[in-house]
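Below: one structure, written as structure tokens.
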Amino acid sequence: MKIFVTRALPEIIKQSLANEGHIVSEWTEKRDLSPAELTDYSLANDALFSIGKNQIDKHFLTACSHLRVIALCSVGYDHVDVDEATKFGIPIGNTPGVLSKATADTAFLLIQNVARKAIYNHKEILRGNWGFFDPMANLGIELHGKTLGIYGLGRIGFELARSCRYAFDMPVIYYNRSHNERAEHELNARRVSFDELLQQSDVLSVHANLSEETEGIFDRHAFSKMKASSIFINTARGAIHNETDLQLALEEGQIWGAGLDVTHPEPMAPGNPLLAMPTVAILPHIGSATIETRMKMMQLTVENILAGLNGQRLPYCVNPKVYGVEH
Ligand code: NAP
């Protein structure tokens, strides 16, 4: 059968599909596919191996309802109309778990970068501004014993909570719709209301999925409730915070600093004022970007593609309702 991949794959991954007798074609241009291109290529194939933020919406699914499987090489699926895919009987796969540690490490990296203004200080050296030693210059914020607040304590949030607990002895509070019993048991994490999370966190890190409920929830109103000494971190999805409101909150001193691996829009414009702020660190959506993790994500995507093409249940499926059962 035929598989369309929206990026060039490492040879070993491509081979694992070809070894099963499938024909693989790849999008090799250094730009995203347009919706029309995505539809056209998918129409000529039986499976879609989707890397990047291709919009899998109702329009696409109606045109490509023949697809036997759509396997995303990501854990997030906010760019997919899952209900519509289920109606068409198309299983959607993702890659949960294998990227949790790498993404949590990115949040951990941002927390320390912001707390000690590391990226800003590096830029100052490049500008020739090392200067003379002033004991009250370049001061950051100590993390030891400070409260970590997590918005959306799931797989990635758990890994970050564990790192902060053991590295900096940080007490953990979190806001989820339901209890995370493992985090409460193993890390002594305490579930609080959204307002308590805003008011009590010294570092507030976002790890929830992007949805109608979470979109734009970190706005002017939310930032105004946070501590003036607090740090806001987002490695989940940029649309969960309002970027203009974040900039204002930083300029007005409602919060102290921010670290973003995800922005809204992406890529962030090079002239965005956030990039010049001393207590802000921005990364270009590299949460899961380690060699080990990207290979594992692609291997899971291959497993989903092969299962889908063989008419088997996907091992990592976001819409199990497609099989008539919910798990
Ligand atoms: P997960 O295990 O499903 O965790 C998500 C958590 O968010 C759950 O604990 C969930 O708890 C909570 N949540 C969902 N909706 C919520 C709401 N309305 N209010 C409060 N909490 C809510 O997912 P994960 O594997 O940790 O991944 C999380 C997200 O990280 C992904 O969706 C993706 O967008 C992002 N991500 C980014 C990168 C990157 O490169 N920067 C890499 C990987 C993942 P309840 O259901 O109990 O509310």
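Indexing begins at 1, ligand by ligand and atom by atom, following the structure's order.
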Of the choices Asp78, Leu197, Ile286, Asn176, which has the non-hydrogen atom that lies closest to atom 11 (O) of ligand 1? Asn176

Which residue holds the protein heavy atom closest to atom 42 (C) of ligand 1, what is that atom called, and what is the gap in Å? Thr103 OG1, 3.3 Å

Would you mind listing which atoms of ligand 1 come within a distance below 4.0 Å of any non-hydrogen atom of Glu213? 18 (N)

Check whether any N or O atom of Ser100, backbone or side chain, sits under 3.5 Å from an N or O atom of ligand 1, and answer yes or no. no

Ion pair Arg7/Asp32, N-O distance below 4.0 Å: yes

Are the side chain of Asp46 and the backbone of Lys2 linked by a donor-acceptor contact shorter than 3.5 Å? yes

Between Thr293 (side chain only) and Thr290 (backbone N and O only), is there a donor and an acceptor less than 3.5 Å apart? no

Give a yes or no on whether a salt bridge exists between Glu124 and Lys117, defined as a side-chain N under 4.0 angstrom from a carboxylate O. no

Answer yes if the ring centres of Tyr174 and Phe158 are under 6.0 angstrom apart, and no otherwise. no

To check your reading of the model: name the closest protein heavy atom to atom 19 (N) of ligand 1, its residue, and the distance in Å. Tyr151 OH, 3.5 Å

Short list, please: which atoms of ligand 1 are under 4.0 Å from a heavy atom of Tyr175? 19 (N), 20 (C), 21 (N)

For atom 2 (O) of ligand 1, find the nearest protein heavy atom and state the residue, atom name and distance (0.1 Å precision). Arg155 N, 2.9 Å

Please check if the side chain of Glu266 supplies one atom and the backbone of Thr263 the other of a donor-acceptor pair under 3.5 Å. yes

Tell me whether Arg31 is salt-bridged to Glu37, with the criterion being a basic N under 4.0 Å from an acidic carboxylate O. yes

Looking only at distances, can you tell me whether any N or O atom of Thr214, backbone or side chain, sits closer than 3.5 Å to an N or O atom of ligand 1? no

Between ligand 1 and Leu153, is the shortest N or O to N or O distance under 3.5 Å? yes

Do me a favour and list the nearest non-hydrogen protein atom to atom 28 (C) of ligand 1 with residue, atom name and distance? His207 O, 3.2 Å

In this structure, are over 12 heavy atoms from other groups packed under 6.0 Å from Lys123 atom NZ? yes

Ignoring angles and geometry beyond distance, decide whether Val75 reaches within less than 3.5 Å of ligand 1 through its nitrogen or oxygen atoms. no

For the OH atom on Tyr41, are there more than 12 heavy atoms of other groups (residues, nucleotides or ligands in this structure) within a distance under 6.0 Å? no

Counting non-hydrogen protein atoms only, what is the nearest one to atom 12 (C) of ligand 1? Give residue, atom name and distance. Gly152 CA, 3.6 Å

Protein residue, atom and distance nearest to atom 33 (C) of ligand 1, heavy-atom basis: Arg237 NH1, 3.7 Å

Which protein non-hydrogen atom lies closest to atom 16 (C) of ligand 1, naming both residue and atom, and how far is it? Arg177 NE, 3.5 Å

Please work out whether the ring planes of Phe218 and Phe232 are parallel, tilted or perpendicular, with thresholds of 30° and 60°. tilted

Does Thr235 reach ligand 1 with a nitrogen or oxygen that is under 3.5 Å from one of the ligand's nitrogen or oxygen atoms? yes

So the atoms of ligand 1 within less than 4.0 Å of a heavy atom of Ser288 turn out to be 40 (O)

Identify the protein heavy atom lying closest to atom 27 (O) of ligand 1, giving its residue, its atom name and the separation to 0.1 Å. Ile156 CD1, 3.4 Å

Note: ligand 1 atoms sitting under 4.0 Å from heavy atoms of His285 are 39 (C), 40 (O), 41 (N)

Do Ser211 and ligand 1 have an N or O pair less than 3.5 Å apart? no

Please indicate whether His185 has more than 12 foreign heavy atoms, meaning atoms of other residues, nucleotides or ligands, lying under 6.0 Å from its NE2. no

I'd like to know whether CD1 of Ile125 has more than 12 heavy-atom contacts from other residues, nucleotides or ligands below 6.0 angstrom. yes

